[in-house]
Participant: 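Quick one: the structure is below, questions incoming.
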Amino acid sequence: MPGPNEYFNVPLRRVAIGNTDEFRHPGAIKAAVAEFISTLIFVFAGSGSGIAYNKLTGNGPASPGGLIAASIAHAFGLFVAVSVGANISGGHVNPAVTFGLFVGGNITLFRGILYIIAQLLGSVAACFLLSFTTGGLAVPAFALSEGVSVLPAFVFEIVMTFGLVYTVYATAVDPKKGEIGIIAPIAIGFIVGANILAGGAFTGASMNPAVAFGPAVVSFTWANHWIYWAGPLVGGGLAGVIYEVFFISHTHEPLQEF
């Protein structure tokens, strides 16, 4: 009879630390630059859509139309950002994705740190560029909607990011993905767009610490900012551990019929 380890991976058994030489390795530096550019593209489009909405409405109240516009802009922007970075860095574009891949043993700690630094810098650069190119219009920072308390918002970000990183594993990381890997950037963009429709009216639906960090730096707005780090990192980490434990490198052969 096969043992349990033949069906389930041991949690965190593949975690790798790496070494500081990765900070100087040409391949790692090239990948970090790709993450910087991909994140800049994504945040410029996503946050830019928010600025455009505010300009068109005279900073009017949020509306269903604005929520749909934000969902589409982020879905399309992320689809492109993941696609252009996929063959260089893997197209993480999100510290929560990088962390989720780290706990699953798919990236070393030191390379992950390099990626996260690049993602944060890309977001900040995008927000400064938006401020400059729009003539100093405010870059909207993420904030909880009226009536939304901290704990539900924290859980909301966990659940949404879990769905995002689980999608990344299923469509881009799993070696059994086969041809479904071709549509990975589309699926990743779609889940982010769908989650914005679900959570945008409550937390802004960040799912990405870098996306929240750039606007916070430029607008210097830090209220409840920790939620946009802790929630996505917890959700991304859970998705990485669960997918790694239950689904990676296991055979799923159909039962023999007698």
Participant: Give the minimum heavy-atom separation between L67 and G200, together with the two atoms involved.
Facilitator: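 Closest approach of L67 to G200, heavy atoms only: CD1-CA, 3.8 Å.
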Participant: Donor-acceptor check, side chain of Y115 to backbone of S89, threshold 3.5 angstrom: yes or no?
Facilitator: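 A pair under 3.5 Å: yes.
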Participant: If only atom types and distance count, is the side chain of N208 paired as donor or acceptor with the main-chain N or O of V93 below 3.5 Å?
Facilitator: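 Yes: the side chain of N208 pairs with the backbone of V93.
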Participant: Could you tell me if the side chain of L130 sits less than 4.5 Å from the side chain of L137, heavy atoms only?
Facilitator: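 With C-beta onward as the side chain, the pair stays apart.
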Participant: Taking it one step at a time, do I72 and F76 satisfy side chain to side chain contact (heavy atoms under 4.5 Å, CB included)?
Facilitator: CA-CA 6 Å; I72 293 173; F76 285 3; 3.8 Å; yes
Participant: Go through the structure and list residues passing ring-ring contact (aromatic ring centres under 6.0 Å, His included) with F162, not counting sequence neighbours.
Facilitator: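 So F162 forms a ring-ring contact (aromatic ring centres under 6.0 Å, His included) with Y166.
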Participant: How long is the straight-line distance from CD1 of I186 back to CG of L78, given to the nearest 0.5 Å?
Facilitator: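 The CG atom of L78 sits 12.0 Å away from the CD1 atom of I186.
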Participant: Which pair of non-hydrogen atoms, one from P140 and one from I51, has the smallest distance, and what is that distance?
Facilitator: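 Nearest pair, atom of P140 first, then I51: CD-CG1, 3.6 Å.
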Participant: With a 3.5 Å distance limit and no angle check, can you tell me whether T161 reaches the backbone of I158 through a side-chain donor-acceptor pair?
Facilitator: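 Looks like no, no N/O pair under 3.5 Å.
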Participant: Please say yes or no: joined through hydrophobic side-chain contacts below 4.5 Å, possibly via intermediate residues, are W226 and L151 part of one cluster?
Facilitator: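 The answer is yes; both residues are in one hydrophobic cluster.
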Participant: So, taking the atom named CD in E35 and the one named CG in L120, what distance separates them when rounded to the nearest 0.5 Å?
Facilitator: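 Output value for this atom pair is 11.0 Å.
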Participant: Answer yes or no: are there more than 12 heavy-atom neighbours, outside F110 itself, under 6.0 Å from its atom CZ?
Facilitator: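 Enclosed: over 12 neighbouring heavy atoms sit under 6.0 Å from CZ of F110.
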Participant: So, S38 side chain and A34 main chain: donor-acceptor pair closer than 3.5 Å or not?
Facilitator: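 Yes.
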Participant: Please step through side chain to side chain contact (heavy atoms under 4.5 Å, CB included) for the pair I107 and H92, ending with a clear verdict.
Facilitator: CA-CA 11 Å; I107 188 173; H92 295 192; 3.8 Å; yes
Participant: Kindly say whether F247 contributes a backbone atom to a donor-acceptor pair with the side chain of K176 at under 3.5 angstrom?
Facilitator: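 Yes; at least one donor-acceptor contact below 3.5 Å.
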Participant: Between F79 and I188, does a side chain to side chain contact (heavy atoms under 4.5 Å, CB included) hold up when you go through it step by step?
Facilitator: CA-CA 7 Å; F79 162 62; I188 294 166; over 6 Å; no
Participant: Under 3.5 Å, is there a donor on one side chain and an acceptor on the other for E157 and T203?
Facilitator: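 Yes, because at least one side-chain N or O of E157 sits under 3.5 Å from a partner of the opposite role on T203.
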Participant: Between the side chains of S63 and Y53, does any donor sit under 3.5 Å from an acceptor?
Facilitator: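 Judged by distance alone, the side chains do pair up.
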Participant: Please report the shortest heavy-atom distance between L114 and I29, naming the atom on each side.
Facilitator: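 Heavy atoms of L114 and I29 come nearest at CD2-N, 4.3 Å.
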Participant: About how many Å separate CG of L40 and CD1 of I37, when rounded to the nearest 0.5 Å?
Facilitator: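 Those atoms lie 8.0 Å apart.
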Participant: Compare every heavy atom of L233 with every heavy atom of P95, then report the nearest pair and how far apart it is.
Facilitator: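 For P95 and L233, the tightest heavy-atom pair comes out as O-CD2, 4.0 Å.
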Participant: Would a single hydrophobic cluster contain both I116 and L109, if residues Ile, Leu, Val, Met, Phe, Trp and Tyr are joined by side-chain heavy-atom contacts under 4.5 Å?
Facilitator: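 Yes; tracing contacts between hydrophobic side chains, which count when under 4.5 Å, links both residues.
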Participant: Would you call V139 and S219 a side-chain contact if the rule is heavy atoms closer than 4.5 Å?
Facilitator: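 With C-beta onward as the side chain, the pair stays apart.
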Participant: Same hydrophobic cluster for Y228 and V159, using side-chain heavy-atom links shorter than 4.5 Å among ILVMFWY?
Facilitator: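 In one cluster: yes.
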Participant: Any sub-3.5 Å donor-acceptor pair from H25's side-chain atoms to G27's backbone N or O?
Facilitator: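 Looks like yes, one N/O pair under 3.5 Å.
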Participant: Heavy atoms only: give me the nearest V192-M207 pair and the separation to one decimal.
Facilitator: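 So the two residues come closest at O-CE, 3.8 Å.
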Participant: Run the ring-ring contact (aromatic ring centres under 6.0 Å, His included) check on F142 and H225 step by step: do they pass?
Facilitator: CA-CA 8 Å; F142 281 83; H225 185 72; 9.0 Å; no
Participant: How many angstroms lie between atom CD1 of I117 and atom CZ of F36, to the nearest 0.5 angstrom?
Facilitator: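 With rounding to 0.5 Å, CD1 (I117) is 13.0 Å from CZ (F36).
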Participant: Would you indicate whether the side-chain heavy atoms of E244 and V103 approach each other to under 4.5 Å?
Facilitator: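 Result no, sub-4.5 Å side-chain heavy-atom pair not found.
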Participant: Measure the CZ-OG distance between F213 and S123 for me, rounded to the nearest 0.5 Å.
Facilitator: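 Spacing of CZ (F213) from OG (S123) equals 8.0 Å.
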Participant: Can you check whether G193's main-chain N or O pairs, donor with acceptor, with S71's side chain at less than 3.5 Å?
Facilitator: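 A pair under 3.5 Å: yes.
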Participant: Going by heavy atoms in the side chains, are T167 and Y243 under 4.5 Å from each other?
Facilitator: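 Counting from C-beta outward, T167 and Y243 never come under 4.5 Å.
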Participant: Return the orientation label for the F220 and W222 ring planes: parallel under 30°, perpendicular over 60°, tilted otherwise.
Facilitator: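 F220 vs W222 ring planes: perpendicular.
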Participant: Looking at every non-hydrogen atom in both residues, tell me the closest pair between C127 and V218 and how far apart they are.
Facilitator: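 Where C127 meets V218 most closely, the heavy atoms are CB-CG2, 3.4 Å.
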Participant: What is the distance from atom OH of Y169 to atom CG of D174, rounded to the nearest 0.5 Å?
Facilitator: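 It comes to 10.0 Å.
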Participant: Could you go through E22 and T108, starting from their C-alpha distance and side-chain angles, then the distance that decides it, and tell me whether this counts as side chain to side chain contact (heavy atoms under 4.5 Å, CB included)?
Facilitator: CA-CA 9 Å; E22 294 185 70; T108 67; 2.9 Å; yes
Participant: Strictly distance-based, threshold 3.5 Å: is any side-chain N or O of S145 a donor or acceptor partner for the main-chain N or O of A201?
Facilitator: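 Checked: pair present.
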